[in-house]
Amino acid sequence: MTAMNVVHMRVKPGQEDEFVRIHQAMDARAMPGGRNFWLVRSGERSFVVVAEWDSLEALAAARPAMIANLDKLRPILEDLGGGRGLTEPWSGEVALHMGL
């Protein structure tokens, strides 16, 4: 079953280009089982990462690599407020996919 993870982050002022650069430099080979990756600019200094995986097991196995990438991002991230911290992550199995 295909799995997805979605993570919302907000960067500090003036750090948008650096945020994108760090993601471009990410080593996708360190995350086997990944199918697709999107970095969506969702507002002023806000981004959403969306990734598609072969399975929840593949997503779980990639967590150390994802955390290593997050460690590079932490200095340029802004707290989201409301007790959420620097990131707001969600993940799970795909319940419905509609190809267009």
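Being a predicted model, the structure only gives us computed values, none of them experimental.
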Only distances under 3.5 Å count here; give the side-chain donor-acceptor pairs of residues 22-34 to other protein atoms, sequence neighbours excluded, each with its distance to 0.1 Å.
residue, atom, partner, partner atom, Å
H23, ND1, F19, O, 3.0
D27, OD1, R29, N, 3.1
D27, OD1, R29, NE, 3.0
D27, OD1, R29, NH2, 3.4

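Inspection of the R41 and S46 side chains reveals no N or O donor paired with an N or O acceptor under 3.5 Å.
Under the 4.5 Å side-chain contact rule for hydrophobic residues, V40 and V94 share a cluster. Under a hydrophobic clustering in which Ile, Leu, Val, Met, Phe, Trp and Tyr are joined whenever their side-chain heavy atoms come within less than 4.5 Å, directly or via other members, L70 and V48 fall into different clusters. If you chain together hydrophobic residues whose side chains sit under 4.5 Å apart, M66 and I76 fall into the same group.
Nearest approach of D79 to G81, heavy atoms of both residues: OD1-N, 2.6 Å. When all heavy atoms are compared, the tightest approach of L80 to R84 is O-NH2, 2.5 Å. N5 and S91 make their closest contact through CB-CB, 3.8 Å (heavy atoms, listed as atom of the first residue, atom of the second, distance).
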Run the side-chain contact (heavy atoms from CB on, under 4.5 Å) check on H97 and T2 step by step: do they pass?
-> CA-CA 10 Å; H97 172 251; T2 303; over 6 Å; no
Verify side-chain contact (heavy atoms from CB on, under 4.5 Å) between F37 and V49, making sure each step is shown before the conclusion.
-> CA-CA 7 Å; F37 176 87; V49 170; 3.3 Å; yes
Could you walk me through whether L86 and R74 pass the side-chain contact (heavy atoms from CB on, under 4.5 Å) test, one step at a time?
-> CA-CA 7 Å; L86 297 176; R74 288 181 201 282; 4.1 Å; yes
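Here CH2 of W53 is found 11.0 Å from CE of M4. Values are rounded to the nearest 0.5 Å. Atom CD in E44 sits 10.0 Å away from atom CZ in R10 (nearest 0.5 Å). With values rounded to the nearest 0.5 angstrom, F47 atom CZ is found 9.5 Å from M9 atom CE. With values rounded to the nearest 0.5 angstrom, R63 atom CZ is found 8.0 Å from I67 atom CD1. Here H8 contributes atom NE2 and T87 contributes atom OG1; the two are 10.0 Å apart, rounded to the nearest 0.5 Å. Annotation: the span from D54 atom CG to L59 atom CG amounts to 10.5 Å, rounded to 0.5 Å.
Of the listed residues (E16, Q15, E78), just one forms a side-chain hydrogen bond (donor to acceptor under 3.5 Å, both in side chains) with R45, and that residue is E78.
The closest donor-acceptor contact from the side chain of R21 to the backbone of D17 lies at 3.5 Å or more, if one exists at all.
Residue-environment remark: CH2 (W90) stays at or below the threshold of 12 foreign heavy atoms within 6.0 Å.
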